Amino acid sequence: MRTYSNDKGISRMKFTAPATVFCPLGPNYYRAMVTCELELGEKIVDFLDLEAYFKRDLNGKELTTENLCDEVFQTLKSVYEPKHIRVTVMSDSHFSIETIKEA
């Protein structure tokens, strides 16, 4: 993903993106809402690249909610190099459960 300098000093970013993935445990497709909260450092990612990541790189993949959460966490952490990151995954395949990873 393309990155830009955080020269405006934006401190935090929060966004929610949908992903439709296949749970091998189900086995079935489910729709997840992935909420990401970042305390930014020196980088901001191009929003079009970020949107493409969710649409192109995650949709249709075989991932449990835990694996989806970790995949997004690891990707954003490596690209943004944030001071703090929190990724929450909410699935529509069963009762309300939030899967959360943060550092």
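What you see is a predicted model, and the numbers here were worked out from it, not measured in a lab. We use all heavy atoms of the structure for the numbers below, so side chains are in, but hydrogens, waters and symmetry mates are not.
Residues Val87 and Met33 do not share a hydrophobic cluster, defined by chaining ILVMFWY side chains whose heavy atoms lie under 4.5 Å apart. Grouping the Ile, Leu, Val, Met, Phe, Trp and Tyr side chains by contacts below 4.5 angstrom, directly or via other members, places Ile10 with Ile85. Met1 and Leu68 end up in the same hydrophobic cluster when Ile, Leu, Val, Met, Phe, Trp and Tyr side chains are linked at under 4.5 Å.
Residue Leu76 comes nearest to Pro82 through the heavy atom pair O-CD, 4.0 Å, listed as atom of the first residue, atom of the second, then distance. Across all non-hydrogen atoms, the minimal contact from Ala32 to Val89 is CB-CG1, 3.9 Å. The minimum heavy-atom distance linking His84 with Ala103 is given by the pair CD2-O, 3.0 Å. Closest heavy-atom contact between Leu63 and Val21: O-CG2, 3.8 Å. Closest non-hydrogen pair, Pro18 versus Phe54, comes out as O-CB, 4.3 Å. For the residue pair Thr65 and Ser91, the shortest heavy atom distance occurs at CG2-CB, 3.7 Å.
Atom CZ of Arg86 is separated from atom CD1 of Ile100 by 4.0 Å, given to the nearest 0.5 angstrom. Taken from NZ in Lys83 to OG in Ser11, the straight-line distance is 8.5 Å, to the nearest 0.5 Å. Here OH of Tyr53 is found 3.5 Å from CD of Glu71. Values are rounded to the nearest 0.5 Å. Summarising the geometry, atom CG belonging to Asp46 is positioned 4.0 Å from atom CZ belonging to Arg2; distances are rounded to the nearest 0.5 Å. A distance of 10.0 Å separates CD in Glu102 from SG in Cys69, rounded to the nearest 0.5 Å. The distance from atom CG of Asn67 to atom CD of Gln74, rounded to the nearest 0.5 Å, is 11.5 Å.
A heavy-atom distance below 4.5 Å is not found between the side chains of Ile44 and Lys8. Contact of the Met13 side chain with the Phe47 side chain is registered, since non-hydrogen atoms from C-beta on lie closer than 4.5 Å. Looking at heavy atoms from C-beta onward, Leu50 lies out of side-chain contact with Val79 at the 4.5 angstrom threshold.
Applying the side chain to side chain donor-acceptor pair (under 3.5 Å) rule to pairs touching residues 16-38 yields Thr16-Thr35, sequence neighbours excluded.
By the neighbour-count criterion of 12 heavy atoms within 6.0 Å, atom NZ of Lys43 is densely surrounded, having more than that number from other residues, nucleotides or ligands.
One N or O on the side chain of Asn59 and one on the backbone of Lys55 form a donor-acceptor pair closer than 3.5 Å.
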